[in-house]
Amino acid sequence: MNPYNHKDIEQKWQKDWEEKGIYKVSDEVPGKENYMALVEFSYPSGNLHVGHWYAFAVPDIFARYKRMQGYNVMYPMGFDAFGLPAENAAIKLGRDPKVWTYEHMETMRNQLRSMGAMFDWSREVVSCDPAYYKWTQWMFTEFLKNDLAYRAMTKVNWCPKDMTVLANEQVHDGKCERCGSEVVQKDQAQWMLRITKYADALIDDLKELNWPEEIKSAQKNWIGRSEGSEIEFQIKDSEAKIKVFTTRADTLFGVTYVVLAPEHPLVEVLSLNVKNQADIFSYIDESKKKSELDRQQNKEKTGVRLEGVFAINPANGEDVPVWIADYVLAGYGTGAVMAVPAHDERDFEFARKYNLSIKRVIGGNTNHGNVPTEYRNDPSHYLKNIVTAKDFCFTEDGPLMNSGDFNNISSQEARTKITEFVGGKLVKTYRLRDWGISRQRYWGVPIPIVYDPEGNAHPIPKEHLPWLLPTDVDHTPDGTSPLARSKELFERTEKIFGAGWKPEVETMDTFVDSSWYFYRYLDPKNTEAFCDKEKMNKWLPIDLYMGGAEHTTMHVLYSRFWTKALKDIGLVNNTEEFIIRRNRGLILGPDGNKMSKSKGNVIDPDEIVQLLGADTVRMYLAFMGPYGVTTNYPWDPNGVVGVRRFLERVWRLKEKVKDVNYQTKTPVLLHKTIEKVSEDIEKFKFNTAISGMMILLNFWEKEEVVPIYSYKIFLQLLAPFAPHMTEQLWHELGESSSIHLSTWPKYDESLTQDDEITVVVQINGKVRAELLVPVDIEEAEVIKLAVTNEKILPWIESKEIKKTIYVKGKLVSIVL
RNA sequence: GCCGGAGUGGCGGAAUGGUAGACGCGCUCGACUCAAAAUCGAGUUUCGAAAGAGGUGGAGGUUCGAGUCCUCUCUCCGGCACCA
């Protein structure tokens with residue numbers, strides 16, 4: 001027998017497939033339905049790691065299965081090729097970001113080919129290609145025309161020494177991670193995209209999508225719609241009013257102070273006449289150094305009181321003190337809150353720390369917002385008077401004191417009524433903010449804007465797109481965008497638009513590139529449109545989108561927004577393009593930690609492919625655990641050898657294959673296996689699909705002869721997992737066309753049933769015996785067998801049987 | 001802190017509310033071998049000689065029956081808007 005030589009086999013078939021073009025996808029195949037299976041395209045970091053294999057090779061199993069089932073499947077690949085690492089290579093190594101990126105892509109293409117995936121490379125999409133970003137730019141100008149893009153000031157983390165904007169993750173304890181300088185919050189003009197316009201649609205349209213609930217919840221919570229009230233607190237002896245946002249207007253009678261965010265515009269006005277002005281200014285300075293994340297984190301709450309300033313509670317006319325505290329965020333709601341320490345955990349903590357009054361509102365439906373139980377249940381802990389249900393309730397004329405029963409209305413009704421009573425209004429707010437896309441970076445899509453001599457912004461007309469990224473730039477950071485130093489860009493602008501015109505020097509966030517790349521796969525070479533509408537009709541919406549859990553709230557949400565915006569402009573047909581979304585987990589190092597060079601636990605897939613073959617690596621990754629859940633799996637060097645062993649046993653089994661009809665129990669087990677493998681693949685449970693095939697193999701190894709017909713079906717089941725080896729065996733058995741073009745086997749329902757089954761007998765929930773019975777046995781019969789079973793008799797003798805339960809084909813439960 | 005997820009043998013994991021641990025790894029013993037590797041066979045949740053009992057992060061609850069459902073809780077992982 002020829003040995004299983006994975007290197008020869010894999011090379012041979014990869015070459016053959018490419019020559020025959022069996023993975024080339026047409027837009028239409030008569031009699032076949034189109035199916036688009038999408039995986040997130042890859043950043044060209046330079047080297048394929050195991051995570052890439054997990055992301056691309058395992059979904060390839062599913063794509064191949066769908067194809068054998070008779071679908072015309074597109075499983076495309078491309079590169080998300082703009083981004084910071086290329087720019088860092090420029091800064092640190094003096095490399096040209098473009099050359100660096102294209103070299104990496106070439107390496108990765110070759111590595112990707114070694115997977116034996118069914119990528120159609122003729123559809124490849126590269127986001128840094130001007131032919132692609134022309135359309136990114138064009139869409140931006142369309143957004144601008146449709147009031148979906150605008151310019152606004154936002155706060156950014158700024159390192160004064162490095163003169164650069166920092167991501168939150170680059171700021172540690174308020175200091176720059178590179179140089180340790182104190183980071184400040186700086187105002188920066190940015191191009192913004194109006195994602196908040198779609199906040200409701202982004203929540204409401206989730207209903208129609210076949211996504212796991214956890215992904216939907218994560219997005220809903222990220223958008224953070226809350227329905228509440230805006231209520232004004234007049235400042236005592238002043239015309240000024242503080243507008244607060246609250247979801248708990250029903251607790252208005254429990255307000256004991258009001259808090260403003262340090263950035264709130266009223267702070268400046270109100271602090272003019274207070275005694276502790278110096279404290280206030282120093283507090284504001286301190287809070288400017290903190291990032292938003294720091295401010296929300298589990299650190300002790302801080303604040304400072306505006307001495308002598310009181311706000312008037314519109315519900316009862318009480319004076320309450322006004323504080324400034326950075327646990328209130330300027331960007332959320334109105335940047336001011338009414339504090340009800342008895343019903344809100346954060347207010348409670350703050351009130352305890354600064355010894356402020358705590359006043360409780362009691363009513364049947366008034367919840368306590370996580371305030372600790374001992375305070376909830378023991379009124380003696382409250383520092384001030386308690387407002388009880390009897391003190392106020394609502395009638396049609398508004399709140400009345402000392403009458404009626406507050407418990408009769410829901411807290412939502414209470415909120416509505418009290419809001420009306422104090423002249424506030426019901427509003428919706430969102431945690432979601434508009435999307436700032438300006439970056440002071442080089443390696444990104446140039447924002448297609450020019451400024452006239454008066455400084456007004458104008459979109460660059462379509463005929464001048466792509467608006468090319470200039471190449472004459474110095475990458476050394478100096479606080480300005482690298483494009484600001486391109487002579488060519490400024491000259492080009494003046495040449496086209498006239499003297500005194502200046503280009504925008506910022507580039508776009510790379511999430512913009514990845515918001516629409518899937519459209520381009522359908523029509524990657526089109527120079528007239530980003531994608532032909534007819535082709536969209538044929539392929540969209542996308543049947544399946546698999547990707548990393550880390551993209552749940554950002555990339556996937558941005559993409560959904562992009563589709564909705566394009567739909568409103570009339571450029572696409574659907575409001576949602578991802579019918580099914582599945583997230584995957586991570587592959588960890590053998591030590592259970594995230595792979596990293598510093599930990600020395602990195603697995604190099606190229607090495608293992610050399611040693612054991614691509615089929616083994618694909619299959620091991622599929623075997624580790626269910627796909628489409630966010631569990632992380634450690635790479636086990638022994639485990640991968642076990643899978644290799646399985647493939648070798650399949651290889652060796654061909655020695656037993658005979659052209660006979662003689663079969664023992666094979667038909668039942670074979671048809672059960674077809675059923676199991678098919679169902680498990682549908683559910684992304686590739687691990688149990690493989691285990692099903694192992695069980696069949698284990699059985700056959702004990703047989704003298706394996707019928708050729710059955711073995712070929714087995715190879716077809718295995719083909720999506722181990723495409724090279726099965727192709728080889730398929731041809732050795734005399735087939736001349738590719739196994740991957742063959743049709744997925746069907747199982748015969750009648751052949752998946754055994755005639756005898758095991759029924760267990762439980763006594764008070766404990767298994768005491770097993771019965772082997774005919775599959776169609778009647779309940780009375782099986783119970784008779786159970787109570788007369790010799791293992792059961794000692795347990796039930798001299799006891800009364802209270803009841804018996806028969807679960808068909810499973811168990812008899814005897815209750816004593 | 002907020003949002004989302006996950007905890008089952010030595011390890012990865014399996015299990016429509018119905019025999020917990022399929023399948024694989026590892027390990028133990030045996031066969032083959034001068035020997036080793038490879039391969040094949042048997043065994044492998046814990047305690048116990050056995051009968052049996054315990055056991056799915058922890059504490060309660062619902063049920064004839066709970067890994068699965070409910071309440072509370074602990075630990076770990078992912079995301080938090082300029083990494084992608």
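Heavy atoms only: backbone and side chains are in, while hydrogens, waters and symmetry mates are out. Within every chain, numbering begins at 1; the chains are lettered A, B, ... in the order of the sequence lines, protein sequences first and strands thereafter.
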With a 3.5 Å cut-off and sequence neighbours excluded, list the donor-acceptor pairs that the side chains of residues 48-55 of chain A form with protein atoms.
residue  : atom : partner  : partner atom : Å
His49(A) : ND1  : Gly51(A) : N            : 3.0
His52(A) : ND1  : His49(A) : N            : 3.0
His52(A) : NE2  : Ser42(A) : OG           : 3.4

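- Note on Arg652(A): only backbone sugar-phosphate atoms sit closer than 4.0 angstrom, heavy atoms only; bases stay farther off.
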Contact list (N/O, under 3.5 angstrom) for nucleotides 73-76 of chain B vs protein:
none

For RNA chain B, the dot-bracket notation using Watson-Crick and G-U wobble pairs below 3.5 Å, [ ] for pseudoknot-type crossings and | for other-strand pairs, is (((((((..(((.....[....)))((((((.......))))))(((....)))..(((((..]....))))))))))))....
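- Considering only residues two or more places apart in sequence or on other chains, Lys594(A) meets the salt bridge (charged side-chain N to carboxylate O under 4.0 Å, His left out) condition with none of them.
- Residue pairs meeting the salt bridge (Lys or Arg N to Asp or Glu O under 4.0 Å) criterion with at least one partner in residues 624-639 of chain A, sequence neighbours excluded, are absent.
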Per-nucleotide protein contact along nucleotides 10-25 of chain B, 5' to 3', at a 4.0 Å heavy-atom cut-off (B base, S sugar-phosphate only, - neither), is --BSSS--BB--BBSS
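- Protein atom CD1 of Ile215(A) is 15 Å distant from nucleotide atom P of G79(B), rounded to whole Å.
- With respect to Trp443(A), the side-chain hydrogen bond (donor to acceptor under 3.5 Å, both in side chains) criterion is satisfied by exactly one of Asn88(A), Thr510(A), Thr101(A): Thr101(A).
- Among pairs with a residue in residues 672-685 of chain A, those fulfilling salt bridge (Lys or Arg N to Asp or Glu O under 4.0 Å) read Lys66(A)-Glu682(A), Lys672(A)-Asp754(A), Lys676(A)-Asp680(A), at least two apart in sequence or across chains.
- Residues satisfying the ring pair (Phe, Tyr, Trp, His ring centres under 6.0 Å) test with Phe245(A), not counting sequence neighbours, are none.
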For nucleotides 81-84 of chain B, give me every protein contact, N/O to N/O, under 3.5 Å, one pair per line with atom names.
residue : atom : partner   : partner atom : Å
A81(B)  : OP1  : Asn168(A) : ND2          : 3.4
A81(B)  : OP2  : Asn168(A) : ND2          : 2.5
A81(B)  : N6   : Arg431(A) : O            : 2.8
A81(B)  : N1   : Arg433(A) : N            : 3.1
C82(B)  : OP2  : Arg439(A) : NH2          : 2.9
C82(B)  : O4'  : Arg439(A) : NE           : 3.1
C82(B)  : O4'  : Arg439(A) : NH2          : 3.4
C82(B)  : O2'  : Leu166(A) : O            : 3.2
C82(B)  : O2'  : Ala167(A) : N            : 2.7
C82(B)  : O2   : Arg441(A) : NH2          : 2.8
C82(B)  : N4   : Ser438(A) : O            : 3.4
A84(B)  : OP1  : Leu84(A)  : N            : 3.1
A84(B)  : O5'  : Thr510(A) : OG1          : 3.4
A84(B)  : O3'  : Asp80(A)  : OD2          : 2.5

When you compare the protein's N or O atoms with those of nucleotides 49-59 of chain B, which come within less than 3.5 Å of each other, and at what distance?
residue : atom : partner   : partner atom : Å
A53(B)  : OP1  : Arg768(A) : NH2          : 3.1
A53(B)  : OP2  : Arg768(A) : NH1          : 3.0
G54(B)  : OP2  : Lys766(A) : NZ           : 3.1

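- Taking the ring centre of Trp795(A) as origin, the terminal cationic atom of Lys791(A) falls outside the region bounded by 6.0 Å and 45° from the ring axis.
- Under the ring pair (Phe, Tyr, Trp, His ring centres under 6.0 Å) criterion, Tyr332(A) pairs with no residue at all, not counting sequence neighbours.
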Between protein and nucleic acid, restricted to nucleotides 42-48 of chain B and to nitrogen or oxygen atoms under 3.5 Å apart, what atom pairs and distances do you find?
none

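- With a glycosidic angle more than 90° from 0, G26(B) adopts the anti conformation.
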